[in-house]
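Here's the structure, in structure tokens; my notes come after.
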Amino acid sequence: MLSSLVSLLHVMGLVVGNAVGDPEVKAFLEAKRFPLDRLTDGTGLLSKAQEAGVRRDLALGRQMTLTQMLRDLFAAVRDEVLQVRFALQTALVERRDLLAKVGVPVRSGGKRPEGAVDPPAAGAPPAEPAKGKLRRPRWTTVARMIAYGRTMVQAVLAEPEIVAALEPYSYTKETFEGILARLDELERVNHEQEAAKGARMGATKEAMAAGKRLRMWFLPWKKRLMNATRGKQEIRARLGL
């Protein structure tokens, strides 16, 4: 439907523009007593359809930009949340009570997760959380991942004992506050992307309605032009018919 609207705008622009702007075509139509003054109605409809098409394109571009931004940010923040979850399961493998407080499940059978990192010995440099393949919960929406991550990190910050247990894994209070800030940013982008999606749908609906009005006006006039230019292929070509 959108491609047909683009084609209609192109043809309509040629017909209206050349019917009144090409001296030879205009003279021919006037000789046929074709009511060129009535084409001004079509000019107004054409302008409105073109403007609606521009608004639709702008809305579509904004939505595509925000969608890509959301995907990239979601992937980055999701990995941060998963790394925190993995570090918690590693550092608190023997403390189910603390894992329950932050809403992190214990590995089945209480076993250590594959690839878990042992806390460093006293005086040793901090260990980095494992970078291997992590088991990813199935968050069906961005909002659910944000809610899970925010609840988990806020629960961690509320328990000094847990924060201390994660320090050997290079996690500090400032680290968790940074994750919360990125979750807030992800939530903002998610809301903007949803709003942009609605704006694109509205702009598309408006463009299609404007195109329908233009098409209903144009088809009878196209038929009259075809009758008026019967046998005049050069004139038809100039009109874009």
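Remember, predicted model here, so these are calculated numbers, not experimental data.
You'll find the side chain of V77 reaches within 4.5 Å of the side chain of M145, heavy atoms only. Residues R95 and E161 are in side-chain contact: their nearest non-hydrogen atoms beyond the backbone lie under 4.5 Å apart. Inter-residue side-chain proximity for L219 and K223 is flagged as unmet; no heavy-atom pair is nearer than 4.5 Å. Residues M69 and E192 are not in side-chain contact: their nearest non-hydrogen atoms beyond the backbone lie 4.5 Å or more apart. With a 4.5 Å cut-off on side-chain heavy atoms, R200 and T204 count as touching. The closest side-chain heavy-atom distance from V189 to F74 is not below 4.5 Å. Looking at Y171 and Q83, their side chains come closer than 4.5 Å, going by heavy atoms from C-beta outward. Counting heavy atoms from C-beta on, the side chains of R85 and Y148 come closer than 4.5 Å.
Note on M201: it does not cluster hydrophobically with V54, by side-chain heavy-atom contacts below 4.5 Å among ILVMFWY residues. L60 and L66 fall into different hydrophobic clusters, where Ile, Leu, Val, Met, Phe, Trp and Tyr are joined by side-chain heavy atoms under 4.5 Å apart, directly or via other members.
None of I179, V104, L88 except one satisfies the side-chain contact (heavy atoms from CB on, under 4.5 Å) rule with V156; the exception is L88.
Atom-to-atom distance recorded for K197:NZ and T67:OG1 is 7.0 Å, nearest 0.5 angstrom. Between the CG atom of D79 and the CZ atom of F86 there is a distance of 13.0 Å, given to the nearest 0.5 Å. Distance CG/N190 to CG/L183: 11.5 Å, rounded to 0.5 Å. With values rounded to the nearest 0.5 angstrom, E159 atom CD is found 9.0 Å from D97 atom CG. Distance CD1/I162 to CG/L98: 4.5 Å, rounded to 0.5 Å. For the atom pair CG of L214 and CG of L45, the computed distance is 6.0 Å after rounding to the nearest 0.5 Å.
The nearest pair of heavy atoms linking V102 to M152 is O-CG, 3.7 Å. Heavy atoms only, all atoms of each residue included: A52 and A210 are closest at CB-CB, 4.1 Å. Scanning both residues, A196 and Q63, for their nearest heavy atoms gives CB-CA, 3.9 Å. Heavy atoms only, all atoms of each residue included: Q154 and L180 are closest at CG-CD2, 4.0 Å. Of all non-hydrogen atoms in L166 and A91, the two that sit nearest each other are CD2-CB, 3.9 Å. Residues Q89 and P105 share a closest heavy-atom pair of NE2-O, 2.8 Å.
Not counting sequence neighbours, the partners of R182 by the salt bridge (Lys or Arg N to Asp or Glu O under 4.0 Å) test are E80. In this structure Q68 satisfies the side-chain hydrogen bond (donor to acceptor under 3.5 Å, both in side chains) test together with D72, sequence neighbours excluded. With sequence neighbours left out, the salt bridge (Lys or Arg N to Asp or Glu O under 4.0 Å) criterion links R150 to D184, E187. With sequence neighbours excluded, no residue satisfies salt bridge (Lys or Arg N to Asp or Glu O under 4.0 Å) with K205. Considering only residues two or more places apart in sequence or on other chains, E185 meets the salt bridge (Lys or Arg N to Asp or Glu O under 4.0 Å) condition with R188.
No donor-acceptor pair closer than 3.5 Å links the side chain of Q193 to the backbone N or O of L70.
For residues 44-55, every residue pair satisfying the salt bridge (charged side-chain N to carboxylate O under 4.0 Å, His left out) rule, not counting sequence neighbours, is listed here: R55-E206.
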